[in-house]
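The structure appears right after this line, and notes come after that.
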Amino acid sequence: MAKGKNGLHGWPSGKIGRVVYYELNGQPVMRGIGKPGKPSLKQQANHQSMAVTTRFLSHLNDFIKNGFELETRGTIRNQHNLAVSQIKKNALQGTYPNISIDYEKVRLSKGTLLNPKDLRMEKTASGLQISWDPAYSYGTGVQYDDTLQLAVCFPATGKKQIELNFAKRKDGTAFLPLCEYELSQSMEVYLFLRAANHDSVSDTVYLGNLNGTYENPKIKEIREKAQAADLKLNLRFEQINAQYKAQMKLKPEERVGGKAFRNLETEYFVLVDQWRSRQTKPG
């Protein structure tokens, strides 16, 4: 978007279509925008990080609004941006193209309200039973009517079960009914407390995983292919390394023919470079 700093008929400033207008040394200049080049590895990693983060946060808007409301109150920031920033900085694991969510490090709220002690989660035949210590104390700001906000995430499908004002602190227990299919899926469960007057919230509590951690099939396939390639490289390196070292122990005139030895030596150094590169790559 361009702005007309000098009125409707003045020189614009900014982007219009595929042309950018600006001033250079006091002179009006415009330039066309070329086609973007092939993204770098860093750019691809950032794109995947954002895609993974966005997918996880989908359908969590109301939960996030309650969790980060106080953090954004009186600022120009919004709750969703805070959640995105928190996850990208602290709750991603792996390297491109194997980036995924570290569910234990996800935070969807931030505050000073004390969470209850002895939080427990149990899967039953018909849902989830959540329990906690119902104690409260007015002197610490802990109120009997602080409300639990619950989020159950199903990574395989992207579905979220959100229960705002799930129960009061004084209740000590609450039950979330789930269907048989949901109970068979991988689940990541989070909660936090919010004061009834909305003046305070607690930090996020990760209650844990049920039915095993979900792994994206595409990422799993990429990881398994990389592992197979590593194994193949290691086996070939061991073979060529043994042959090359055996030849180097011989006198030059006793080694295999010149071309055969040069080919062996070339492959040996290529494999050394590949092996070292794989040993030092991140992740």
Side-chain angles (χ1 to χ4, degrees), residues 53 56-75 77-93 101-124 127-155 159-178 182-183 186-211 213:
T53 300
F56 175 78
L57 290 176
S58 64
H59 310 300
L60 282 172
N61 287 343
D62 290 339
F63 195 77
I64 293 168
K65 284 180 180 178
N66 283 357
F68 288 117
E69 179 189 359
L70 296 180
E71 279 292 291
T72 60
R73 191 178 291 179
T75 74
R77 298 179 297 175
N78 64 61
Q79 294 93 332
H80 184 269
N81 288 347
L82 279 181
V84 168
S85 177
Q86 191 282 326
I87 290 178
K88 289 190 69 178
K89 289 179 180 178
N90 306 308
L92 294 180
Q93 60 187 358
I101 295 286
D102 186 343
Y103 296 103
E104 189 172 356
K105 295 180 180 179
V106 168
R107 296 295 177 265
L108 302 171
S109 66
K110 184 177 181 182
T112 59
L113 185 62
L114 296 178
N115 280 306
K117 297 179 180 179
D118 300 326
L119 272 161
R120 295 182 297 276
M121 173 176 63
E122 179 184 2
K123 184 175 74 169
T124 71
L128 297 183
Q129 188 73 48
I130 313 294
S131 59
W132 59 91
D133 182 352
Y136 57 91
S137 171
Y138 295 111
T140 61
V142 173
Q143 306 290 329
Y144 75 95
D145 57 353
D146 295 336
T147 56
L148 268 74
Q149 320 286 307
L150 182 73
V152 181
C153 305
F154 300 86
K159 179 184 175 182
K160 311 294 191 305
Q161 181 79 29
I162 306 301
E163 297 293 332
L164 304 179
N165 305 322
F166 180 51
K168 288 182 169 56
R169 185 190 292 268
K170 67 180 180 62
D171 297 335
T173 186
F175 183 76
L176 177 67
L178 295 172
E182 291 170 331
L183 285 169
S186 173
M187 289 180 265
E188 306 291 343
V189 187
Y190 304 88
L191 66 76
F192 65 89
L193 269 72
R194 188 187 195 198
N197 62 6
H198 300 180
D199 278 348
S200 59
V201 298
S202 72
D203 285 339
T204 308
V205 175
Y206 173 62
L207 282 179
N209 165 272
L210 292 170
N211 301 324
T213 302

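Hydrogens, waters and symmetry mates play no part in the numbers below; they use all other heavy atoms, side chains included.
- Proximity of Val189 to Val152: side-chain heavy atoms (C-beta onward) are separated by under 4.5 Å at one or more points.
- Evaluation of the ring pair (Phe, Tyr, Trp, His ring centres under 6.0 Å) rule for Phe68 yields no partner, not counting sequence neighbours.
- Atom CG of residue Leu148 and atom CZ of residue Phe192 lie 9.5 Å apart, to the nearest 0.5 angstrom.
- Residues meeting the side-chain contact (heavy atoms from CB on, under 4.5 Å) test with Asn115, sequence neighbours left out: Leu193, Ser202, Val205.
- Note that CG of Asn211 and CG of Asn209 are 7.5 Å apart. Values are rounded to the nearest 0.5 Å.
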Report task. Could you go through the side chain to side chain contact (heavy atoms under 4.5 Å, CB included) check for Glu188 and Val106 one step at a time? Result -> CA-CA 10 Å; Glu188 306 291 343; Val106 168; over 6 Å; no
Could you pull out every donor-acceptor pair under 3.5 Å between side chains of residues 163-171 and any protein atom, sequence neighbours left out?
unit_1 : atom_1 : unit_2 : atom_2 : d
Glu163 : OE2    : Gln161 : NE2    : 3.0
Asn165 : OD1    : Thr147 : OG1    : 3.2
Asn165 : OD1    : Gln149 : NE2    : 3.2
Arg169 : NE     : Gln143 : O      : 3.3
Arg169 : NE     : Asp146 : OD2    : 3.0
Arg169 : NH1    : Leu114 : O      : 3.4
Arg169 : NH2    : Leu114 : O      : 2.7
Arg169 : NH2    : Asp146 : OD2    : 3.0
Asp171 : OD2    : Lys168 : N      : 2.9

Requested in this report: Please report the C-alpha distance between Leu191 and Leu150 in whole Å, then the side-chain angles of each, then the deciding distance to 0.1 Å, and finally whether the side chain to side chain contact (heavy atoms under 4.5 Å, CB included) criterion is met.
Outcome: CA-CA 4 Å; Leu191 66 76; Leu150 182 73; 4.1 Å; yes
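- Residues satisfying the side-chain hydrogen bond (donor to acceptor under 3.5 Å, both in side chains) test with Ser85, not counting sequence neighbours, are none.
- By the side-chain contact (heavy atoms from CB on, under 4.5 Å) test, Thr204 pairs with Arg107, Leu108, Ser109, Tyr190, sequence neighbours left out.
- Take Glu182 and apply the salt bridge (Lys or Arg N to Asp or Glu O under 4.0 Å) test, not counting sequence neighbours, and it matches Lys159.
- Shown here are the side-chain contact (heavy atoms from CB on, under 4.5 Å) partners of Arg77, two or more places apart in sequence or in another chain: Glu71, Thr72, Thr75, Leu82.
- Residues meeting the salt bridge (Lys or Arg N to Asp or Glu O under 4.0 Å) test with Glu104, sequence neighbours left out: none.
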Query - Thr173 and Gln129: CA distance, side-chain angles, deciding distance, side chain to side chain contact (heavy atoms under 4.5 Å, CB included) verdict - result: CA-CA 7 Å; Thr173 186; Gln129 188 73 48; 2.6 Å; yes
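- Considering only residues two or more places apart in sequence or on other chains, Asn78 meets the side-chain contact (heavy atoms from CB on, under 4.5 Å) condition with His80, Asn81.
- Partners of Lys123 according to the salt bridge (Lys or Arg N to Asp or Glu O under 4.0 Å) rule, which considers only residues two or more places apart in sequence or in another chain, do not exist here.
- Across every non-hydrogen atom of Ile101 and Leu92, the tightest pair is CD1-CD2, 3.8 Å.
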Query - CA sep, side-chain torsions, deciding dist, call: Phe154, Lys160, side chain to side chain contact (heavy atoms under 4.5 Å, CB included) - result: CA-CA 6 Å; Phe154 300 86; Lys160 311 294 191 305; over 6 Å; no
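- Contact of the Arg120 side chain with the Ile130 side chain is not registered, since no non-hydrogen atoms from C-beta on lie closer than 4.5 Å.
- Judged as a side-chain hydrogen bond (donor to acceptor under 3.5 Å, both in side chains), and not counting sequence neighbours, the contacts of Lys88 are Asn46.
- Residue pairs meeting the salt bridge (charged side-chain N to carboxylate O under 4.0 Å, His left out) criterion with at least one partner in residues 128-141, sequence neighbours excluded, do not occur; the list is empty.
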